[in-house]
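Report on the following structure.
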Amino acid sequence: MAKRISLTRYLVEQQRVAGHIPSELRLLLEVVARACKSISQAVNKGALGGVLGSAGSENVQGEVQKKLDIIANEVLIEANEWGGHLAAMASEEMDGIYVVPNRYPQGEYLLLFDPLDGSSNIDVNVSIGTIFSVLKKPDGDRGVEESDFLQPGSHQVAAGYCVYGPQTTLVLTVGDGVAMFTLDREQGSFVLIQENLRIPEDTKEFAINMSNMRHWDEPVKRYIDECLQGKEGPRGKDFNMRWIASMVADVHRIMMRGGVFMYPWDKREPNKPGKLRLLYEANPMGWLVEQAGGAATNGRQRILDVQPTQLHERVSVILGSKNEVERVTSYHSAL
Ligand code: P6P
């Protein structure tokens with residue numbers, strides 16, 4: 001049981017005692033956590049706050065934007081633009097990067113986020129969440145550009161998510177393992193619940209949208225088919241299935257009890273490598289999972305080694321319990 005300390009004290013100790021994070025990064029993480037508290041408040045109000053339903057617009061992905069998608073995006077922009085710790089931000093909800101306005105000092109970090117992942121669940125009261133990733137701006141005195149964001153996930157200096165579910169829980173890493181905090185609404189602060197989260201290397205639970213089965217590539221079909229054969233099949237054990245259709249909620253379950261999450265390439269849109277976005281979904285989740293002893297690949301290579309070429313590029317995602325991810329990946333390389 002971790003000592004019940006606040007996020008602030010945890011970050012100060014990571015900065016002072018462990019020397020893991022400079023003060024500017026500590027400030028950044030505190031501000032992002034505060035923004036997540038505001039988003040949680042808005043999400044929890046639901047219809048009472050008039051925030052459900054669609055905003056009547058589409059994002060760069062061509063997806064209908066929910067009112068809460070836009071609210072969450074605005075909360076993160078407004079919370080982070082003045083602090084002097086950021087040079088620019090990128091979001092699933094914005095076509096291009098958002099450069100910190102000249103009226104504020106610019107910092108050395110880049111913040112990327114999916115402000116409200118799983119928004120198709122908002123109107124039906126199923127858990128959703130915010131995913132964020134932090135990079136350092138490349139050295140040099142030129143202004144920040146979109147190309148500065150195109151760094152592999154292995155370059156992240158911090159990553160995390162906040163899941164808005166029965167509890168509002170923040171999970172983050174600065175490269176020294178994974179810590180989990182739950183929002184104490186009476187105090188208004190995130191309280192450390194657990195540090196050094198570890199994902200079991202084996203599992204009996206997979207998460208995938210089974211309705212896409214006929215569109216999958218052979219290695220994924222083989223893996224899922226073997227799971228479905230259960231004890232009598234080659235795996236010699238029965239499997240369970242979960243699919244919340246909210247990556248944050250599915251990944252959080254895996255962080256807590258293991259499992260394998262898959263959103264693979266499929267032939268519905270063969271030119272798209274996958275549905276999920278590399279920079280602000282797969283990279284932060286992939287790093288968190290690795291920091292907790294799991295693995296994350298696109299079926300052929302480590303997700304954190306993928307060199308991005310576009311801000312909103314997509315990627316096939318297989319992540320979670322190490323031995324299962326390695327098995328699925330081996331089926332791809334067996335082709
Ligand atoms: P499908 C939510 O829209 C999301 O981006 C992820 O959070 C989630 O895992 C996936 O899409 C769900 O996709 O095709 O099952 O609705």
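Everything quoted here is computed from the prediction, not taken from an experiment. Remember, it's 1-based here, ligands and their atoms both numbered in the order they're listed.
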Heavy-atom closest pair, residues L319 and I254: O-CD1, 4.4 Å

Between K237 and E232, is there a side-chain N and carboxylate O pair less than 4.0 Å apart? no

For [X], atoms of ligand 1 separated by under 4.0 Å from a heavy atom:
X    : answer
G118 : 2 (C), 7 (O)
N209 : 1 (P), 14 (O), 15 (O)
L276 : 5 (O), 6 (C)
M247 : 6 (C), 7 (O), 8 (C), 9 (O)

Please say whether [X] places an N or O atom under 3.5 Å from an N or O atom belonging to ligand 1.
X    : value
R277 : no
W243 : yes
D250 : no

In Å and rounded to the nearest 0.5 Å, what is the NZ to CG distance from K136 to L25? 9.0 Å

Could you state the interatomic distance from CG (L29) to CD (E24), rounded to the nearest 0.5 Å? 11.5 Å

With sequence neighbours left out, what residues match Q41 under side chain to side chain contact (heavy atoms under 4.5 Å, CB included)? R185

Any chance the side chains of S127 and S246 put a donor and an acceptor closer than 3.5 Å? no

Side chain to side chain donor-acceptor pair (under 3.5 Å), that's the test. Do Q65 and D69 meet it? Break it down for me. CA-CA 6 Å; Q65 287 180 306; D69 283 323; over 6 Å; no

Pick from R314, K275, E63, E281: the one approaching atom 10 (C) of ligand 1 most closely through a non-hydrogen atom: K275

Can you tell me if S120 contacts ligand 1 (heavy atom of the residue under 4.0 Å from the ligand)? no

Report the nearest protein non-hydrogen atom to atom 14 (O) of ligand 1: residue, atom name, distance rounded to 0.1 Å. Y263 OH, 2.6 Å

